[in-house]
Colleague: 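I have a structure here, written as structure tokens, and I will follow up with some questions on it.
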Amino acid sequence: MRLTRKRLCSFLIALYCLFSLYAAYHVFFGRRRRAPAASLRGPRKGAAPAREGRSREPSTLGSEEWNPWEEDEKQEQQHRFKTSLQILNKSTKGKTDFRVQIWGKAAIGLYLWEHIFEGLLDPTDVTAQWREGNAVVGRTHYSFITGPAVVPGYFSVDVNNVVLILNGREKAKVFYATQWLLYVQNLVQTQKIQHVAVVLLGNEHCNNEWIKEFLRRNGGFVELLFVIYDSPWINDMDVFQWPLGVATYRNFPVVEASWSMLHNERPYLCNFLGTIYENSSRQALMNILKQDEIDKLCWVSVREQWQPQETNESLKNYQKALLQSDLTLCPVGVNTECYRIYEACSYGSVPVVEDVMTAGSCGNTSVSHNAPLQLLKSMGAPFIFIKNWKELPVVLEKEKTIILQEKIQRRKMLLHWYQHFKTELKMRFTNILESSFLMNNKG
């Protein structure tokens, strides 16, 4: 009997020990094995969601079970954060601001700065001797200086990268531009500046041989050339096409689109205000306009001699004609590209462009066979291109059938395209400078 009780007590003690071991096993090991399964199923219904990094919301800690590995998880999270920070620092290390100064010594510089870069100038007075401005495009910091007081040797040079804007259209302008290039050449040779690009208002016949000796490819110092008109030199490697833009030398302004510009009915089908050259296609255009009294549907004002400057009255009349016409007629002059094309875009008046090559050396390049106006065409300009002004009556007849709502949409599309055109040029210009100048720094 005593032996039976002893065996029973031993059995109960053993059973108690086994239960204790089983309970201890579940407390210390069971939860750790179940955790992955719980995470696969997702949070329990009604449970508060966990934060990123597996840390929990402080407000739910009181209702949830204690996690013995929470401290390890926090340390792991901190380690990942430090590692990510180190990677970020390494990726941005060495990426310093890129600074470029633009010296505007031709009126086309104002189109680049005020219209394409949308930069401001101080002072605003266009007759000021010295004007300057600043702009940032991506990682590039631009400064711009212009005015009669910007003279070689009479202002401080404290930058490594310079863009020089020059006029090389006529012989007198070429002499002046050459003096600037010789001055900059000396700055490069004395290591006061490192990199130089030129934006050139080229000759309307594309006769720009005078600048060849200054190009890097020919042993000179000019690394990049942005040239106006369809020069056959354009290769999109070190020579690029640049737009003529609006006539800033005649004080054509930056135009802000308005509700009335987009939505108002315009009283004229078309406009042409300009000079009629003898034996030119402009004479043919005038003959076409006089047929069937087409000129009564359009705002037409002509002169026989070209005038370099506008009066306040003539500029206002011209702007009013653009604003009140659905189409702007753009006959060729000495070159196919003219200021009128870009000025019409500013007012949402569709350019009707005479798409023919003019005399001279301009034409197709190694990268494009779509001359003239290769740059505009490559960027999808929504213009009306015609080969002969005899096509104009058909264009105007079609214009009469277009309802106002369709014209409003067309104006919006033109203004949107023109804004995109300028923005794209700004980004291309910046990317080209950065790629060339920074790569040559490494070399």
Colleague: Between Lys316 and Glu313, does at least one N-O distance fall below 4.0 Å, as a salt bridge requires?
Modeller: no

Colleague: Does the side chain of Arg266 pick up a donor-acceptor pair with the side chain of Tyr347 at under 3.5 Å?
Modeller: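 Absent: no donor and acceptor within the cut-off.
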
Colleague: Quick check: closest heavy atoms across Ile165 and Gly109, and the distance to 0.1 Å?
Modeller: CD1-CA, 3.5 Å

Colleague: Are any non-hydrogen side-chain atoms of Gln405 and His263 less than 4.5 angstrom apart?
Modeller: no

Colleague: What I want to check is whether the side chains of Trp299 and Gln324 have a donor and an acceptor closer together than 3.5 Å.
Modeller: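 Looking only at side-chain atoms, Gln324 and Trp299 do not form any donor-acceptor pair under 3.5 Å.
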
Colleague: Decide, yes or no, whether a salt bridge links Lys173 with Glu170 under the criterion of side-chain N to carboxylate O below 4.0 Å.
Modeller: no

Colleague: Got a sec: does the CD of Gln189 have more than 12 other heavy atoms crowding it under 6.0 Å?
Modeller: yes

Colleague: Do Asn271 and Leu322 come within less than 4.5 Å of each other through their side chains, counting heavy atoms only?
Modeller: yes

Colleague: Are the side chain of Ser325 and the backbone of Leu269 linked by a donor-acceptor contact shorter than 3.5 Å?
Modeller: no

Colleague: Side-chain atoms of residues 371-381: list all donor-acceptor pairs with protein atoms under 3.5 Å, sequence neighbours left out, distances to 0.1 Å.
Modeller:
residue: Gln374; atom: OE1; partner: Ser368; partner atom: OG; Å: 3.0
residue: Gln374; atom: NE2; partner: Asp230; partner atom: OD1; Å: 3.0
residue: Gln374; atom: NE2; partner: Gly363; partner atom: O; Å: 3.3
residue: Lys377; atom: NZ; partner: Asp355; partner atom: OD1; Å: 2.8
residue: Lys377; atom: NZ; partner: Asp355; partner atom: OD2; Å: 3.2
residue: Lys377; atom: NZ; partner: Asn370; partner atom: O; Å: 3.4
residue: Lys377; atom: NZ; partner: Pro372; partner atom: O; Å: 3.0
residue: Ser378; atom: OG; partner: Gln374; partner atom: O; Å: 3.2
residue: Ser378; atom: OG; partner: Leu375; partner atom: O; Å: 2.7

Colleague: Relative to each other, are the rings of Phe226 and Phe429 parallel, tilted or perpendicular (30° and 60° limits)?
Modeller: tilted

Colleague: Does any pair with a residue in residues 131-179 pass disulfide (SG to SG under 2.5 Å), and if so which ones, sequence neighbours excluded?
Modeller: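 Checked against disulfide (SG to SG under 2.5 Å) - neighbours excluded - no pair reaches residues 131-179.
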
Colleague: Please list, one pair per line, the donor and acceptor atoms closer than 3.5 Å that link side chains of residues 334-344 to other protein atoms, with sequence neighbours excluded.
Modeller:
residue: Asn335; atom: OD1; partner: Glu337; partner atom: N; Å: 2.9
residue: Asn335; atom: ND2; partner: Glu204; partner atom: O; Å: 2.8
residue: Thr336; atom: OG1; partner: Val356; partner atom: O; Å: 2.6
residue: Glu337; atom: OE2; partner: Leu244; partner atom: N; Å: 3.0
residue: Glu337; atom: OE2; partner: Tyr342; partner atom: OH; Å: 2.5
residue: Arg340; atom: NH2; partner: Leu273; partner atom: O; Å: 2.8
residue: Glu343; atom: OE1; partner: Tyr318; partner atom: OH; Å: 2.5
residue: Glu343; atom: OE2; partner: Ala247; partner atom: N; Å: 3.0

Colleague: Using the six-membered ring wherever Trp is involved, compare the ring planes of Trp210 and Phe214 and label them parallel, tilted or perpendicular (cut-offs 30° and 60°).
Modeller: perpendicular

Colleague: What do you reckon, is NZ of Lys398 surrounded by more than 12 foreign heavy atoms closer than 6.0 Å?
Modeller: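 For Lys398, atom NZ is not crowded (no more than 12 foreign heavy atoms under 6.0 Å).
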
Colleague: Please tell me if the side chains of Met427 and Val137 come closer than 4.5 Å, counting only heavy atoms from C-beta onward.
Modeller: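 In contact.
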
Colleague: With rounding to the nearest 0.5 Å, note down the distance linking CD in Glu265 to CD1 in Ile408.
Modeller: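 Nearest 0.5 Å value for the CD-CD1 distance: 8.5 Å.
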
Colleague: Return the minimal non-hydrogen interatomic distance between Val367 and Ile234, and the atom names on each side.
Modeller: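 Scanning both residues completely, I find the closest heavy atoms to be CG2-O, 3.9 Å.
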
Colleague: Tell me if the CG atom of Asp125 is crowded by more than 12 foreign heavy atoms within 6.0 Å.
Modeller: yes

Colleague: Closest approach of His195 and Phe437, non-hydrogen atoms and distance?
Modeller: NE2-O, 3.3 Å

Colleague: Using a 4.5 Å cut-off on heavy atoms from C-beta on, say whether the side chain of Val352 contacts that of Thr328.
Modeller: no

Colleague: Would you indicate whether Leu120, at its atom CG, is surrounded by more than 12 heavy atoms from other residues, nucleotides or ligands within a distance under 6.0 Å?
Modeller: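 At most 12 heavy atoms, drawn from other residues, nucleotides or ligands, come within 6.0 Å of this atom.
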
Colleague: Answer yes or no: is there a side-chain heavy-atom contact under 4.5 Å between Leu323 and Ser349?
Modeller: no

Colleague: Do Ser281 and Glu354 have side-chain atoms, one donor and one acceptor, less than 3.5 Å apart?
Modeller: yes

Colleague: Does a side-chain heavy-atom distance below 4.5 Å link Glu114 with Leu121?
Modeller: yes

Colleague: Minimum heavy-atom separation for Cys345 and Leu415, please, with both atom names.
Modeller: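 Residues Cys345 and Leu415, closest heavy atoms: O-CD2, 3.3 Å.
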
Colleague: Are side-chain heavy atoms of Val198 and Ile211 found at a separation under 4.5 Å?
Modeller: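 Yes; the side chains approach each other to less than 4.5 Å.
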
Colleague: How would you list, by chain and number, every residue that makes a side-chain contact (heavy atoms from CB on, under 4.5 Å) with Arg410, sequence neighbours excluded?
Modeller: Asp326, Leu327, Val350, Glu399, Ile402, Lys407

Colleague: Among residues two or more places apart or on two chains, list those pairs meeting disulfide (SG to SG under 2.5 Å) that have a residue in residues 189-236.
Modeller: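 Every disulfide (SG to SG under 2.5 Å) pair that includes a residue of residues 189-236, provided the two are not neighbours, is Cys206-Cys362.
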
Colleague: Can you give me the closest heavy-atom contact between Arg282 and Gly333, atom names plus distance?
Modeller: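 Smallest interatomic distance, heavy atoms only, reads NH2-CA, 3.8 Å.
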
Colleague: Can you sort out the partners of Glu391 under salt bridge (Lys or Arg N to Asp or Glu O under 4.0 Å), two or more places apart, ordered by chain and number?
Modeller: none

Colleague: Which pairs, with at least one residue in residues 234-293 and sequence neighbours excluded, count as a disulfide (SG to SG under 2.5 Å)?
Modeller: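 Listed by first then second residue: Cys270-Cys298.
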
Colleague: Enumerate the residue pairs fulfilling disulfide (SG to SG under 2.5 Å) with a member in residues 134-188, sequence neighbours excluded, ordered by first and then second residue.
Modeller: none

Colleague: Any donor and acceptor pair, going by atom type alone, linking the side chain of Asn203 with main-chain N or O of Arg169 inside 3.5 Å?
Modeller: yes

Colleague: Just list the side-chain donor-acceptor pairs under 3.5 Å for residues 174-188, sequence neighbours left out, or say none.
Modeller:
residue: Thr178; atom: OG1; partner: Val174; partner atom: O; Å: 2.7
residue: Tyr183; atom: OH; partner: Gly153; partner atom: N; Å: 3.3

Colleague: Give a yes-or-no answer on whether the side chains of Thr146 and Arg131 include a donor-acceptor pair shorter than 3.5 Å.
Modeller: no

Colleague: Return the set of residues passing side-chain hydrogen bond (donor to acceptor under 3.5 Å, both in side chains) with Asp238 (not counting sequence neighbours), or none when no residue passes.
Modeller: Arg217, Asn235

Colleague: Got a sec, which pairs hit ring pair (Phe, Tyr, Trp, His ring centres under 6.0 Å) with one end in residues 118-150, sequence neighbours left out?
Modeller: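 For residues 118-150, and leaving out neighbouring residues, the ring pair (Phe, Tyr, Trp, His ring centres under 6.0 Å) pairs sorted by first residue read Trp113-Phe144, Phe117-Tyr142.
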
Colleague: What's the shortest heavy-atom distance between Arg411 and Leu404, and which atoms?
Modeller: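 It is NH2-CD1, 4.2 Å.
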
Colleague: If you look only at pairs with a residue in residues 395-427, which of them pass as a ring pair (Phe, Tyr, Trp, His ring centres under 6.0 Å), with sequence neighbours excluded?
Modeller: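 For residues 395-427: Phe383-Trp417, Trp417-Phe421.
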
